[in-house]
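Okay, structure first, notes after.
Here is how names work: the chains are called A, B, and so on, in the same order as the sequence lines, proteins then strands, and each is numbered from 1.
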Amino acid sequence: MRIGDRRPAIDWPTAIEQGAPPTLAVWKFASCDGCQLTILDCEDQLLAIADRVRIAYFPEATSGSVDGPYDISLVEGSITTPGDRERIAEIRQASRLLVTIGACATAGGIQALRNGADIEEFTSIVYAQPSYIDVLADSTPISDHVTVDLELRGCPIDPGQLVGVLAALLNRHLVRPPTTSVCVECKATGAACVLVASATPCLGPITQGGCGALCPGFDRGCYGCFGPKEHPNVTGLRRQFAAIGVDDDATDRLLSTFNVAAFADAEQAGGSEP
Amino acid sequence: MHHPTGADGDTRRWHLDHIAWDRLVRQLMTDVDEVIGPVMRSGVVRLRRLTDVGDLAIGVVDAQDAGSYRATGSSMPTRFDHGPGPDSLKAIVHPAETPVWTIRRRDGELRVEPAPPDTTTRAVIGVRDCDLRALQVLERTQTSGPHPDASFAARRDGFVIVAVDCTRPAATCFCTSTGGGPAASTGFDIALTELADDADVHYVARAGSARGAELLDLVANRADPAVVARADIAVASAADVMVRTLPDHARTIVDVPDHARWAEVAERCLACGNCTAVCPTCFCTDLVDEVSLDGETSTRRRTWDTCFSEQYSALGGEPYRRSTASRYRQWLTHKLGTWWDQFDESGCVGCGRCITWCPVGIDLTDEVAALLQPEAVAP
Ligand code: SF4
Ligand code: SF4
Ligand code: SF4
Ligand code: SF4
C-alpha cells in the first residue's frame with residue numbers, strides 16, 4: 001500500500017511493541033492448498049518466520065490449534081458453503097489483521113467457474129447422494145463477506161512477496177505490493193515480449209505484477225493469475241488479441257480462468273478511465 | 001555526400017576481415033571485465049554479456065512494425081543486419097535495479113552502508129547512432145544537475161563503445177528526423193560499417209578515440225579507398241529508406257493539452273509501461289525498501305518506474321494523474337516538449353523501440369501527426 005492509497009490504516013499487532021511474538025494463523029476455505037504449500041516452500045525463510053511469530057493454526061503444517069485472538073490471519077480459499085460464511089465471520093472477529101492469499105480468496109478462484117451454472121445438475125451428476133451437499137450457488141471472494149486488510153494475489157501466491165509482506169507487517173514497515181503490470185516485470189527481468197515477438201496472447205498488460213513475470217520468462221503468455229492491475233484496459237487488449245487472431249470467446253475463457261469475473265467486471269466498469 | 005569521420009576529423013579507415021574481427025572481440029575480452037553484444041534469446045536480438053566471440057547473433061535479420069517484432073535467419077553471415085532490439089545502453093548504465101544502501105541495527109544503533117559503486121569495466125559491441133545519442137541524453141539527465149547520480153557515472157566510466165552504422169534500419173526507425181543517424185556520429189571508440197559480399201562479411205572501421213585507434217592498429221590494417229567508398233554509399237542510402245518521421249515542431253504538442261486525440265489514444269493505451277521501459281532515455285525511478293524478517297537489516301533499491309503507473313503521480317495523498325489520457329500526455333509532452341525546457345534538447349532519438357514494443361502498436365509519430373492537426377470543429 002502506498003501513501004495515497006485510501007485503504008484502512010494497518011492495525012499493527014500490539015505484540016510487536018510488547019516484545020512478544022505476534023500470533024499467526026493460517027485458514028483454509030475452498031482451495032487446492034497450493035498457497036499454503038507456497039508458505040512451506042519458503043524453506044530457508046520458514047525458520048526465520050517461525051522465529052518471529054507464534055504459529056497458532058496452520059492445518060497444512062500442524063494439527064494443533066489455538067483459540068484467538070490472532071494478530072495476523074492468512075486466509076486461503078473462497079467461500080462456497082453456508083458453514084464457510086459463518087466461519088469467516090468468526091475468523092474476522094478473532095483477527096487483528098486479515099490477509100487473503102491467492103486467487104481463490106481474492107477473487108473466488110478456479111472453482112468459481114461454476115458460478116452461474118446449475119448447482120443441482122452438477123451435484124446430481126457428481127455425487128451418489130447429492131442431498132449431503134450443502135453448497136452456496138456461487139464461489140465468492142473473502143472480501144464479499146468480511147473486511148480484508150491486505151490481498152496477496154496469484155495462483156499460487158509468490159513466495160518472495162509473501163515473505164516480504166510478513167517481514168513488513170512484523171516490523172511496522174510500509175507494505176507496497178506492485179500496482180503496475182506484469183510487463184513492467186518482463187522489462188525489468190529481461191523476458192522477451194511474447195505478444196510482440198510471437199503473437200502469443202498474453203494478459204500481462206492488464207495483470208498486476210508481483211510474480212516477477214514468471215510465465216513470459218518461460219516464453220509463455222501470462223494467464224492473469226494475479227488478477228487485474230489498476231484500471232486495466234481489458235477492451236484495448238481484447239482488440240489486440242482479435243488482431244492476432246484470438247476471437248472473443250477464446251479471450252473470455254482466458255480472462256475468466258483464474259480470477260473469474262474480475263477482468264470482466266473491470267471491462268464493464270470502463271477500463272482505462274477511473 | 002557526407003563522409004563519416006572519426007574523432008577530430010580523423011579520416012583514417014581500417015579494414016577488418018573475419019580474422020581481424022575475432023581478434024578485435026578477443027582483445028576487448030582481455031581489456032575489460034564484460035563484453036556485451038547482440039545475441040539471440042527467445043527469438044529476439046538482445047544485448048547480453050558474451051562469453052565467447054561465437055555468442056554474437058549471426059545471420060539474423062528482423063522485421064519490425066508497430067506492436068510486432070520478428071527475427072529470422074538470413075543466408076548471409078552478417079552480425080548487424082537488424083534493427084535495434086528491446087535493450088538499449090540504458091539497461092547497462094541505468095539498470096532496472098540498482099542497490100542503494102543497506103541499513104543494519106548494531107548495538108541499538110542504525111548503521112547506513114551505501115552500496116559500493118559498480119566498477120565493472122564494460123565494452124558494448126553494435127551500438128547504433130540513436131543509442132549513442134541516447135547515452136548523451138541520459139548522461140545529461142543523470143549527471144548535469146546539482147545532484148549527479150554517482151552510480152550512473154561509475155557505470156558510464158570506462159565504457160568502450162564499438163558502434164555500427166545502420167545499413168538496414170527497421171521500419172520503426174526515424175532517427176534521421178530527430179537529428180541523427182544512420183551513421184554513428186559521436187561518442188564511440190570504434191565505428192564499423194558492415195559489408196557483405198556473399199558469404200564474406202567484412203568491416204570498414206573508423207576511430208572515435210585514441211583508445212579506439214590503438215585497438216584498431218592492434219588488430220587490423222588500413223582499408224583501401226575503394227572499399228571505403230562502398231561503405232559510405234551503403235550508409236548514405238540507409239537514410240533514404242526511413243518511412244517514419246517526426247516533424248521539427250513536434251514539441252508544440254505541449255500547446256494542445258485539451259486535444260481530443262489524448263482521450264482517443266487512451267482508449268487504446270493499456271498503461272502497461274512497456275514504452276517507457278524500452279525507451280533509451282526514460283530515466284524515472286522509484287525507491288523500494290525491504291526489511292528483513294528479524295527487523296535487523298533494511299535494504300533500499302532503486303528501480304525503474306513509469307509515468308504510466310497511477311501511483312507514480314501519488315503526491316500528498318492522492319495520484320493526480322488518474323486518467324490514462326493524462327498519463328500518455330505526460331509521457332509524450334515530456335519526451336518531445338518539456339524536455340527542451342529542462343535539458344535544451346528533445347528526449348526522443350527516434351529509435352522506434354516504443355513503437356515496436358507497445359503491445360497494441362501505438363505509434364508516437366502517428367500520435368504527434370494527429371495532435372498537430374487542428375481539431376475538426378463540430379458542425
Ligand atoms: S510478454 Fe506479456 S507481460 Fe511481458 S511485456 Fe509482453 S505483453 Fe507484457
Ligand atoms: S505471469 Fe501471469 S499467469 Fe504467470 S504467474 Fe505471473 S500473473 Fe500468474
Ligand atoms: S520515445 Fe520512442 S522512438 Fe523516441 S527515443 Fe524513446 S523509445 Fe525511441
Ligand atoms: S503506449 Fe503502448 S507501451 Fe506505452 S503504456 Fe500505452 S499500451 Fe503500453
Quick check on [X] against chain B: is it the side chain, the backbone, both or neither that has a heavy atom closer than 4.5 Å?
X         : value
Thr235(A) : neither
Val53(A)  : neither
Asp219(A) : side chain
Ala243(A) : neither

For the interface with chain B, which of Gly204(A), Ala197(A), Gly164(A), Gly209(A) has the highest count of heavy-atom pairs at distances below 4.5 Å?
Ala197(A)
For the interface with chain B, which of Cys202(A), Ala191(A), Gly190(A) has the highest count of heavy-atom pairs at distances below 4.5 Å?
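So the answer, after comparing Cys202(A), Ala191(A), Gly190(A), is Gly190(A).
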So do [Y] and [X] actually touch side chain to side chain, heavy atoms under 4.5 Å?
X         : Y         : result
Thr179(A) : Glu310(B) : no
Asp51(A)  : Leu293(B) : no
Lys187(A) : Asn274(B) : yes
His231(A) : Ser323(B) : no

Please identify, among [options], the residue contributing the most non-hydrogen atom pairs under 4.5 Å to chain A.
options                                   : result
Thr276(B), Asp294(B), Asp65(B), Val278(B) : Asp294(B)
Ala91(B), Ala71(B), Gly295(B)             : Gly295(B)
Arg41(B), Glu290(B), Arg46(B)             : Arg46(B)

Compare every heavy atom of Pro359(B) with every heavy atom of Leu195(A), then report the nearest pair and how far apart it is.
CD2-CB, 3.6 Å
Residue pair Val196(A) / Cys358(B): nearest heavy atoms and the distance that separates them:
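For Val196(A) versus Cys358(B), the nearest heavy atoms are CG2-O, 4.1 Å.
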Could you grab the distance from atom [atom1] of [X] to atom [atom2] of [Y], nearest 0.5 Å is fine?
X         : Y         : atom1 : atom2 : result
Arg268(B) : Leu237(A) : CZ    : CG    : 14.5 Å
Asp289(B) : Leu174(A) : CG    : CG    : 8.0 Å
Cys186(A) : Trp357(B) : SG    : CH2   : 10.5 Å

At a heavy-atom separation under 4.5 Å, does [X] approach chain A through its side chain, its backbone, both, or neither?
X         : result
Trp304(B) : side chain
Val44(B)  : side chain
Thr356(B) : both
Pro86(B)  : neither

Taking atom CZ of Arg239(A) as the centre, report whether more than 12 heavy atoms of other residues, nucleotides or ligands fall under 6.0 Å from it.
yes
Please assess Asp286(B) against Arg176(A) for the test salt bridge (Lys or Arg N to Asp or Glu O under 4.0 Å), listing each intermediate value before the final yes or no.
CA-CA 12 Å; Asp286(B) 190 9; Arg176(A) 276 179 53 188; 2.4 Å; yes
Got a donor-acceptor contact below 3.5 angstrom from the Asn171(A) side chain to the Ser292(B) backbone?
yes
Does Asn233(A) reach the main-chain N or O of Ala271(B) with its side chain, forming a donor-acceptor pair under 3.5 Å?
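Answer holds: no.
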